[in-house]
Amino acid sequence: MAATQPNTDLVAANRRETRNRWLLLLPAIVILLAAAIGPLIVVVLYSFLVAGDYGGVVWHFSWDGWLGVFTTSDPFDGTLSLADAHISILWRSVKLSALTTLFCLILGFPTAYFIATRPVSQRDGWMLLITIPFWTNLLIRTFAIMGLIRNEGLVNGFLEWLGIIDQPIQMMFTDFAILLGMVYVYLPLMVLPLYASMERLNFSLIEAAYDLYATPFRVLRRVIIPAVKPGVVAGSILVFVPSLGAYVIPRILGGGTQLMLGNLIELQFGQARNWPLGAALSLTLLVMVTAALIVYVRASANEGE
Amino acid sequence: MIEVDRIHVRFGEGPGAFIALNDVSVTIGESEFFTLLGPSGCGKTTLLRSIAGFIHPNEGAIRLAGQDILSLPPFKRPVNTVFQNYALFPHMTVAENVGFGLEMLGRPRAEVTRTVEEMLALVKMTAMANRRPSELSGGQQQRVALARALAPKPKVLLLDESLSALDLKLRKEMQIELKRLQSETGITFIFVTHDQEEALTMSDRIAVMSAGKIRQIGTPREIYDHPRERFVADFIGDTNFVQAKLFADGTVELPGGARIRASLPKDAVPANRAVTLVIRPEQTVLEQAPEQAQLSGVLENVVYCGTDTHYHLTLTDGARFVVRRQNNPARPVTFEKGQRLGIGFDPQAAQVLEG
């Protein structure tokens, strides 16, 4: 008896602790259900319903929303005829996001390396410079890019003043403008994780490679890049995912003619009044992002093993 | 083989610059085990890194087999380094690490594989070829780092405090291992350490450094028995310093009045002046009769150290003196604290230093 008594106390204590743990987790679970899982269920439901004439949905099952993602038979052809262009918009989204990731990597890698190789006392100052743009509203930063590249903007004005061009170069409302805006806005998201992994880099590995007859390029390829791979993966995901769903930047710099997936979705819920198609497109975006994540993480995990 | 010719290394500019190496010259021969010995901050690692090519001296030249290598980047110098923390590539296997240098040199795959096998056998790590560095113990990582640096058959192997991260037993083992590798490969080893015992046991020659300068170069025996400076005598081994007077006839007068013929430095001119005598504690004996000994002192303290006992005395001029005596349980001796004792030694074992 004397031996079992403390034992049952222990079991009771364990049970209490487990219960407390769930209680503490409850707020997080509620928020997750209400803010993420719930809306997602709504979106999945809407994608299988019929579009209402003035927006909203009619509660009848239909494949139309999903068929509309790729097919051209869109009966609700409003002011903009876009149904035919879904694939090109999808393609533009993927292409511009991939290019944004690539350019952010090309610009961010040497930047992060430069900061990580400064004396410790200077690094915080450099990182501050990288993060300052984050303190400004996205809209304002995007309009600032517009101020630079529009026909009467600083770049064209300067080139004309130099006499290099006599006609302004059309940069606004092109893929180039969107790309420029996205690289500018998302660059810090690449630099931060890259810097974090480079700061931990053991620089004697670089010396060891130099010592073993590796040229600077081979040191980069064989030693530095494998060592900072987690940072490259994290940075690429952080840039690629929001790029794919970008809305404000293509809206302003693409001027409504160069649409990306985010704009197309907005259009369905707005002017086109085709909620099921919008919901289906949203889910397509979600699937693409998830697939990209899985492929990327798998590929880098295999290589890093 | 390798000639370091009057190199200067300064970190920073102007009057605040730190002078890491000040007019350092040394010539190291083929197949020599050469050790740079000194306290931290003495410039030994700076000298090693200058030879490897990671530091560019402000003045001077470094020649390897007659050719100036200062203009060459590290990856073009036929010199390899074993780093203090090994710096093994964590994302490569042991075999890939060892083969890295040969691969970078563009050697055919078959040759790389064969040499990697040879090198792993040399350091007894064949069984670990497919492991990652993180799966190895410190001593095993050390062996891989050695194999990696030896694989490209460098003219000179540089070892930067390579044994200091190992525990004492493993360090002793690796000391023997290093000596074996050096004689088997015939490669010149330049070894940096702050451990005087390590330097004495392994080296063909030692350069003792302090404050950016080489203080003395010589065989372990020369450095230990005939230090040329107080710093060298003090840094290597335990030492007694005795204030004495040198006379024109070459004799030395000790505190207490005894005159001996001590070992004079080669270039020293005997004349009347104050000098310091270096007498090693283990080369002295205690004698019950103080009148007949060269030195005498009062016994202050007795420290038992297992293999031997240290007797701390105060000489007649107030200086401290330590006598070391090997313990022999069959023939115990007793000296009383406060007793006045004689200190005897072979005059040739006493080294005269200037000042």
Side-chain angles (χ1 to χ4, degrees), chain A residues 105 109-110 112-114 116-123 193-237 295-305, chain B residues 11-12 45 48-49 51-55 72-93 96-107 112 119 130 132-134 141 144-154 156-162 165:
Chain A
L105 198 55
F109 199 93
Y113 189 82
F114 173 84
T117 50
R118 290 313 95 190
V120 180
S121 58
Q122 293 176 20
R123 289 184 201 164
L194 272 180
Y195 167 73
S197 62
M198 278 182 194
E199 203 191 15
R200 282 190 307 245
L201 181 65
N202 176 2
F203 281 88
S204 64
L205 293 181
I206 298 173
E207 283 192 348
Y210 270 128
D211 191 63
L212 291 162
Y213 314 106
T215 56
F217 177 72
R218 280 172 151 176
V219 172
L220 178 72
R221 203 168 59 83
R222 297 292 303 273
V223 177
I224 300 177
I225 289 178
V228 302
K229 191 153 230 161
V232 174
V233 172
S236 300
I237 289 170
V295 166
Y296 210 98
V297 171
R298 278 250 176 94
S300 51
N302 285 344
E303 251 178 87
E305 206 182 292
Chain B
F11 294 122
T45 297
L48 197 80
R49 290 170 61 79
I51 297 171
F54 297 126
I55 289 175
L72 299 178
F75 56 89
K76 286 192 180 150
R77 298 189 186 192
V79 164
N80 289 135
T81 308
V82 180
F83 291 85
Q84 186 170 9
N85 54 8
Y86 318 137
L88 296 175
F89 304 123
H91 54 284
M92 297 182 199
T93 64
E96 285 165 350
N97 264 283
V98 175
F100 187 83
L102 293 165
E103 199 190 320
M104 291 298 116
L105 286 170
R107 297 287 159 77
V112 174
M119 287 301 143
N130 294 316
R132 299 266 161 187
S134 56
Q141 290 186 30
V144 176
L146 264 170
R148 184 178 70 174
L150 284 170
K153 307 236 158 52
V156 179
L157 187 76
L158 308 174
L159 301 108
D160 184 7
E161 302 257 4
S162 300

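Just so it is clear: chains get the letters A, B, ... in the order the sequence lines come, proteins before strands, and each one is counted from 1.
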Do Lys229(A) and His91(B) have side chains that get closer than 4.5 Å, going by heavy atoms?
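Counting from C-beta outward, Lys229(A) and His91(B) never come under 4.5 Å.
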
To the nearest 0.5 Å, what is the distance between OG1 (Thr81(B)) and CG (Asp211(A))?
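Taking OG1 in Thr81(B) and CG in Asp211(A), the distance rounds to 3.5 Å.
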
Just how far is it from atom CZ of Phe75(B) to atom CZ of Arg218(A), taken to the nearest 0.5 Å?
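With rounding to 0.5 Å, CZ (Phe75(B)) is 10.5 Å from CZ (Arg218(A)).
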
Can you check whether anything in residues 200-208 of chain A gets within less than 4.5 Å of chain B, heavy-atom wise, and list it by number?
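The list, in residue order, reads Asn202(A), Ser204(A), Leu205(A), Glu207(A), Ala208(A).
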
Return the minimal non-hydrogen interatomic distance between Tyr210(A) and Phe54(B), and the atom names on each side.
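For Tyr210(A) and Phe54(B), the tightest heavy-atom pair comes out as CB-CE2, 4.1 Å.
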
Can you name the nearest heavy-atom pair linking Pro154(B) to Tyr213(A), along with the distance?
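Smallest heavy-atom distance, with atoms named: CB-OH, 4.4 Å.
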
Using non-hydrogen atoms and a 4.5 Å limit, figure out which bit of [X] sits close to chain A: side chain, backbone, both or neither.
| X | answer |
| --- | --- |
| Leu88(B) | backbone |
| Arg49(B) | side chain |
| Phe89(B) | both |

If you count heavy-atom pairs under 4.5 Å between each of Ala87(B), Gly106(B), Pro90(B), Pro78(B) and chain A, which one has the most?
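Ranked by heavy-atom pairs under 4.5 Å with chain A, first place is Ala87(B).
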
